[in-house]
Amino acid sequence: QENLSWSHGRHMVRGGMMWGYYNANDDSSSTALFGNMQFSNKYSGFAYADFLLGLPTTMQRAAPPTPQPWQHPVYDFFVTDEFKVHPKLTINFGARYEIHPHWGSGNGTASLFDIKTGQIVVQDGSLSKVSPLMPKGYVNVVEASSLGYSGSSLIQTDTNNVGPRVGIAWRPFDQKTVIRAGFGVYYDIVPTVVTTAGTPFVVSEPSQTNSTTNPVTLPQVFPSTTAALPTVSLPGAFKKDLRIPYSLQYNITLERQFGKMGIRLSYVGTGTRQGEIQTNVNQPVASTVLYTQKPRPFQQYPAITYTTNGGGHQYNGLTTEVKRRFSSGLLYDFSWTWARDIGDLERDQAPEDAFNIRRERAAWEDIPAHRITGDVIYELPFGRGKEFLSRGRLADLAFGGWQVMAASTWNTGFFLTPQWSGPDPTNTRYTGGSVPTATLRPNALHNPNLPSDQRSVNNWFDLTAFGPPSPGSFGTSSKGVIVGPGAFTVDSGIAKNFLFTERLHLRVEFAATNILNHPNWGNPGLTVTSLASAGVISSTGSGGGGLDSSGARSCRLGVRLEW
């Protein structure tokens with residue numbers, strides 16, 4: 001990396017670049033690498049007797065391990081100018097340009113599935129590495145350049161990642177009032193990884209069932225000939241020109257000083273764009289027609305996971321803070337944040353219905369609507385240098401150096417999503433025959449949130465608010481419709497400081513977390529078809545609805561000597 005700074009008049013210009021090269025490798029092997037045998041009572045009537053006779057029931061052997069080296073370079077460039085327009089106004093503006101190629105395979109064993117042609121795509125020059133166990137006629141394998149993919153990393157490099165930045169600091173009245181604002185575009189720094197050292201390069205032999213008429217007997221482990229594989233698992237599909245996700249971040253803050261106290265009012269916004277999501281491009285349309293009778297893009301293949309862009313979030317938060325730095329023995333900091341994050345899918349999440357991603361848009365689970373925090377440290381006004389009992393070594397030893405501390409957190413609950421489990425009513429989940437069990441959102445009949453005086457750990461929300469999805473349809477419930485329990489904690493402590501000499505200090509501290517021993521409940525059971533646990537809260541502390549949902553009260557005594 002290299003950086004350059006240039007100061008000229010009212011400008012301070014900084015620029016620079018960074019080049020990096022990253023690699024990782026995975027050499028893990030299957031537990032069936034040297035063979036895996038199962039013994040039952042097939043031959044003698046007793047499993048252990050079959051083992052002593054050397055007559056396995058089934059045998060399986062995995063393919064030899066293939067190293068999975070991933071590698072990619074990164075190139076970052078930036079320039080920024082801090083321009084002091086006026087003694088009361090400073091503007092900072094600039095831009096970054098980032099080139100972050102996707103991970104590529106160092107040994108040519110990367111692959112993906114092309115959803116337009118229904119073929120497996122491998123890096124250029126890698127056809128010779130395809131496993132001889134690939135079933136003939138099941139799926140064709142072609143080189144990347146023949147279908148317009150990158151010959152080295154398969155996914156094309158996103159080269160338009162320009163991130164502008166601008167910020168201002170302005171004192172419109174006097175030195176005690178300042179307005180700050182900023183805007184920037186920030187790109188994800190974790191590029192996508194396609195399938196490496198999987199199909200079609202690593203294919204394991206099919207599991208073998210031992211014959212009853214001419215069985216394989218140890219020390220021979222496998223039959224001399226093995227059955228051909230009818231199918232193989234498919235690598236994931238990826239958008240050919242997958243973009244690097246980015247976020248828009250912006251804020252404006254008003255700060256004002258009143259004596260030794262400062263007040264801050266801030267708005268913060270963050271918008272995620274082009275987020276990576278996964279959809280099943282081989283999903284049929286929901287209806288009452290059975291899955292096996294529906295047309296699909298690739299009738300001969302199961303579900304196909306396709307990674308593309310399209311996810312996003314929008315966070316808006318308003319924060320009010322009152323703060324006093326430590327002065328005259330007192331420090332405090334109180335803040336209240338009112339926020340909401342509306343989003344659809346996180347990275348690599350998939351929608352319930354591949355044809356309706358918009359249906360996933362809802363309040364995000366782990367951003368509570370309200371959050372209040374407070375911190376206080378107070379030195380008692382006794383002893384050396386204080387207002388009272390400041391004379392006398394004995395008085396200072398007994399009454400001086402005492403500190404009282406407290407910290408509290410309160411927040412509303414998370415936005416939780418109900419689940420329904422049963423035979424797939426949409427007939428969209430892959431199956432070879434019978435209707436599979438599916439876990440989906442149910443139908444919403446009315447508001448599931450009970451009044452506060454009716455909520456309890458055994459009945460947190462109204463179960464009658466949900467019903468099974470209608471036949472042939474996905475449920476009507478949105479995500480995040482159940483508001484979980486909030487959290488409230490107070491941590492407190494008291495300390496005594498002994499100053500023996502200028503350089504020798506002793507501190508004795510007694511502190512307690514959740515000093516009120518207030519129970520902060522975990523989230524309730526959300527699967528409405530599990531009648532024994534639905535709406536029931538069975539845990540406290542970690543995993544609960546609060547960001548700081550501490551467990552039971554705990555105390556600590558500490559002694560610290562400094563010299």
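As a basis for the values below, the full set of heavy atoms in this structure was taken, side chains included, without hydrogen atoms, waters or symmetry mates. This one's a predicted model, so the numbers in the text were calculated from it and none came from an experiment.
For residues 270-294, every residue pair satisfying the ring pair (Phe, Tyr, Trp, His ring centres under 6.0 Å) rule, not counting sequence neighbours, is listed here: Tyr291-Tyr430. Pairs of residues two or more places apart, or lying in two chains, that qualify as ring pair (Phe, Tyr, Trp, His ring centres under 6.0 Å) and include a residue from residues 123-149 are Tyr138-Tyr301. Sorted by first and then second residue, the salt bridge (Lys or Arg N to Asp or Glu O under 4.0 Å) pairs with a member in residues 461-482 read Glu360-Lys479; sequence neighbours excluded. Annotation: salt bridge (Lys or Arg N to Asp or Glu O under 4.0 Å) contacts involving residues 287-300, sequence neighbours excluded, are absent. Sequence neighbours left out, not one pair with a member in residues 208-230 passes salt bridge (Lys or Arg N to Asp or Glu O under 4.0 Å).
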Tabulate below the donor-acceptor pairs under 3.5 Å that side-chain atoms of residues 122-129 make, not counting sequence neighbours, or state none.
from: Gln123; atom 1: OE1; to: Thr109; atom 2: N; distance (Å): 3.3
from: Gln123; atom 1: OE1; to: Ala110; atom 2: N; distance (Å): 3.0
from: Gln123; atom 1: NE2; to: Ser152; atom 2: O; distance (Å): 2.5
from: Asp124; atom 1: OD1; to: Ala144; atom 2: N; distance (Å): 3.2
from: Asp124; atom 1: OD1; to: Ser145; atom 2: N; distance (Å): 3.1
from: Asp124; atom 1: OD1; to: Ser145; atom 2: OG; distance (Å): 3.3
from: Asp124; atom 1: OD2; to: Ser145; atom 2: OG; distance (Å): 3.3
from: Ser126; atom 1: OG; to: Gly108; atom 2: O; distance (Å): 2.7
from: Ser126; atom 1: OG; to: Gln123; atom 2: O; distance (Å): 3.3
from: Lys129; atom 1: NZ; to: Asn107; atom 2: O; distance (Å): 2.4

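Qualifying salt bridge (charged side-chain N to carboxylate O under 4.0 Å, His left out) partners for Glu205, counting only residues two or more places apart in sequence or in other chains: Arg61. With sequence neighbours excluded, the residues satisfying salt bridge (charged side-chain N to carboxylate O under 4.0 Å, His left out) with Arg243 are Asp158. With sequence neighbours left out, Phe34 forms a ring-ring contact (aromatic ring centres under 6.0 Å, His included) with no residue at all. Contacts of Arg347 classified as salt bridge (charged side-chain N to carboxylate O under 4.0 Å, His left out), with partners at least two apart in sequence or in another chain: Asp188, Glu276. In this view, Tyr187 and Tyr246 satisfy the ring-ring contact (aromatic ring centres under 6.0 Å, His included) rule, not counting sequence neighbours. With sequence neighbours excluded, no residue satisfies salt bridge (charged side-chain N to carboxylate O under 4.0 Å, His left out) with Arg429.
A distance of 6.0 Å or more separates the ring centres of Phe355 and Phe474.
Considering only heavy atoms from C-beta on, Ser44 comes within 4.5 Å of Leu53 through its side chain.
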